[in-house]
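What follows is a set of notes on a single structure, which appears directly below.
The structure displayed is predicted, hence computed values, not measured ones.
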Amino acid sequence: MRMQTALSRRSFIVGAAALGAAALTGCSNSKGASAPQSGGESAAASKMMVGTLATEDILPLWVAQQENLAADKVDFEIVPFQSATELIAGISSGAVNVAMTDPMVSAGVFASGTPLELAWVTLGETAKQGRFGIMTGPNTGITSLSELAGVPVGVGSNTILEYVMDNLMERAGIPEDQIKVEELQKLPVRFQSMMSGDVKAAALPGALLALGEASGCVCLADDTDGENISQSVMAVRSDFVSAESGASALAALQDVWDGGAALVNRDPEKYRSLLVENANLPESVARTYPISEYPMAKKPTGAMVDPVLAWMTKKGYLTAPLSYDQNTGKFSKE
């Protein structure tokens, strides 16, 4: 069993920089809307509603909007949510038809009774796309993952960051019973706790890793090298895509995605200001934050999703095992 330690002190006074970076990862979004009201199926009859956090993963659709790539193809609206909890509520209730999320959240929503399927990978076709990692504070003296054996690491349980953390720790040869978790679900609090020394290390997404590096922290390991660990995906409600109109709209949105991704990949700097504005990148990293290459729309493979499902089952996050069909993008109960 992995040990969980009690948090000695939780700071809810978060620095402006941490808040700004957390907005990129979806924990707060000053421009974002609260969760739309339920009953979105009828509201979305004439417009495709795409839920997302304020994150770089959906940049190709922001580009598509700016460049008017969807004209005469599909009518869609990007709906920014202020938290992952609200995004999950939005896709579960039908307030949005499609959500930019990850395989873990998608499997959890399916297991909770909302049939949905995975449409395409938004980041993570290769390990170089997207970044999650484990970082230590500026004054810890820790220089390698092996030094974290028995040391509490700030992370949120049942998240993609915990999954990545476990994989990186395993790669470093740390025994499972030596991986200790400091439960910190809110990313701004997690980042600030690491900066202040309340925890010596934290599992963080790319924006906060970049902010930490600019602030004297050390990234001990990330998932951009070696085996491809993590993906973000576009998930769609099954009841939406099962209708001919929904399937046509999704196919059109995939084409729009491909067009936007091609533009970003061709000239990423052209769209830096759009990324900074929509993802609320903090000023300290806005000019240097690396803009990812984006994949063309393809369904996640079993090699991407199956390990996540196995990990969720092992951890007890799924009450019953699920299987995934990479040909259809659908989950099923075993």
Side-chain angles (χ1 to χ4, degrees), residues 24-26 48 50-67 69-70 73-74 76 78 87 98-107 116-133 160-161 163-164 167 205-207 209 222-236 241 247 249-272 274-275 278-279 289-309 324-331:
L24 173 68
T25 59
M48 196 169 189
V50 183
T52 186
L53 304 179
T55 170
E56 64 185 307
D57 304 61
I58 204 167
L59 178 59
L61 287 190
W62 287 331
V63 170
Q65 284 187 326
Q66 177 174 288
E67 303 293 351
L69 299 184
K73 292 182 179 178
V74 61
F76 76 95
I78 298 175
L87 177 59
V98 183
M100 198 295 298
T101 181
D102 59 60
M104 180 181 300
V105 168
S106 302
L116 50 72
E117 49 209 71
L118 305 185
W120 70 86
V121 175
T122 58
L123 271 182
E125 183 180 53
T126 69
K128 296 295 184 183
Q129 295 174 357
R131 186 188 184 204
F132 295 115
I160 193 67
L161 279 164
Y163 175 71
V164 170
N167 275 269
L209 292 175
D222 64 34
D223 64 350
T224 60
D225 291 317
E227 181 185 355
N228 190 12
I229 299 175
S230 64
Q231 291 78 37
S232 56
V233 298
M234 202 70 78
V236 59
V241 77
L250 183 66
L253 189 68
Q254 287 179 296
D255 289 342
V256 170
W257 170 274
D258 285 350
L263 290 177
V264 175
N265 295 345
R266 187 178 307 137
D267 188 1
E269 287 302 319
K270 180 178 179 180
Y271 300 105
R272 178 172 293 278
L274 184 66
L275 175 63
N278 284 279
Y289 190 77
I291 300 175
S292 180
E293 177 186 37
Y294 289 85
M296 299 296 105
K298 295 179 183 176
K299 283 185 172 58
T301 65
M304 296 173 178
V305 180
D306 291 344
V308 174
L309 298 178
Y324 171 73
D325 185 339
Q326 66 178 13
N327 295 315
T328 64
K330 294 181 180 180
F331 297 103

Can you check side chain to side chain contact (heavy atoms under 4.5 Å, CB included) on Glu56 and Leu275, steps first, answer last?
CA-CA 7 Å; Glu56 64 185 307; Leu275 175 63; 3.8 Å; yes
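- Under the 30°/60° scheme for interplanar angles, the aromatic rings of Trp257 and Trp120 are found to be tilted.
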Show, in sequence, the C-alpha distance, side-chain angles and deciding distance for Leu59 and Ile291, and conclude whether the side chain to side chain contact (heavy atoms under 4.5 Å, CB included) test is met.
CA-CA 10 Å; Leu59 178 59; Ile291 300 175; 4.1 Å; yes
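- Proximity of Tyr324 to Pro103: side-chain heavy atoms (C-beta onward) are nowhere separated by under 4.5 Å.
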What's the verdict on side chain to side chain contact (heavy atoms under 4.5 Å, CB included) for Thr52 and Asp57, showing C-alpha distance, side-chain angles and the deciding distance?
CA-CA 9 Å; Thr52 186; Asp57 304 61; over 6 Å; no
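- Phe331 and Leu116 get closest at one heavy-atom pair: CD1-O, 3.9 Å.
- Not a single donor-acceptor pair under 3.5 Å links the side chain of Asp258 to the backbone N or O of Met296.
- Looking only at distances, a side-chain donor or acceptor of Asp223 sits under 3.5 Å from a matching main-chain atom of Phe132.
- Annotation for Ser230 and Ile160: closest pair CB-CG1, 4.3 Å, computed over non-hydrogen atoms.
- Of all heavy-atom pairs spanning Ser106 and Val233, the tightest one is OG-CG2, 4.0 Å.
- Leu118 and Ala235 get closest at one heavy-atom pair: CD2-CB, 4.1 Å.
- In this structure, Trp62 and Ala279 approach most closely via the heavy-atom pair CH2-N, 4.0 Å.
- Between atom CD1 of residue Ile58 and atom CE of residue Met100 there is a gap of 6.0 Å, rounded to the nearest 0.5 Å.
- Taking the side chain to side chain contact (heavy atoms under 4.5 Å, CB included) definition, one finds that Glu67 meets it with Val63, Leu69, Leu263, Lys270, Tyr271, sequence neighbours left out.
- Distance check, rounded to the nearest 0.5 Å: CZ of Arg272 to CG of Asp267 gives 11.0 Å.
- Pairs passing the side chain to side chain donor-acceptor pair (under 3.5 Å) check and including a residue from residues 121-131, sequence neighbours excluded, read Thr122-Ser232, Lys128-Asp225, Arg131-Glu213, Arg131-Asp222.
- Once rounded to the nearest 0.5 Å, the distance linking CE of Met304 with NZ of Lys299 reads 13.0 Å.
- Atom CG in Leu123 sits 10.0 Å away from atom CD in Glu293 (nearest 0.5 Å).
- In this structure a side-chain-to-backbone donor-acceptor pair under 3.5 Å is present from Asn228 to Gly124.
- Taken to the nearest 0.5 Å, the CG atom of Asp102 stands 9.0 Å off from the CG atom of Leu161.
- Interatomic distance, Leu250 CG to Met48 CE, rounded to the nearest 0.5 Å: 4.5 Å.
- Minimum heavy-atom separation, Ala261 to Pro60: N-CB, 3.6 Å.
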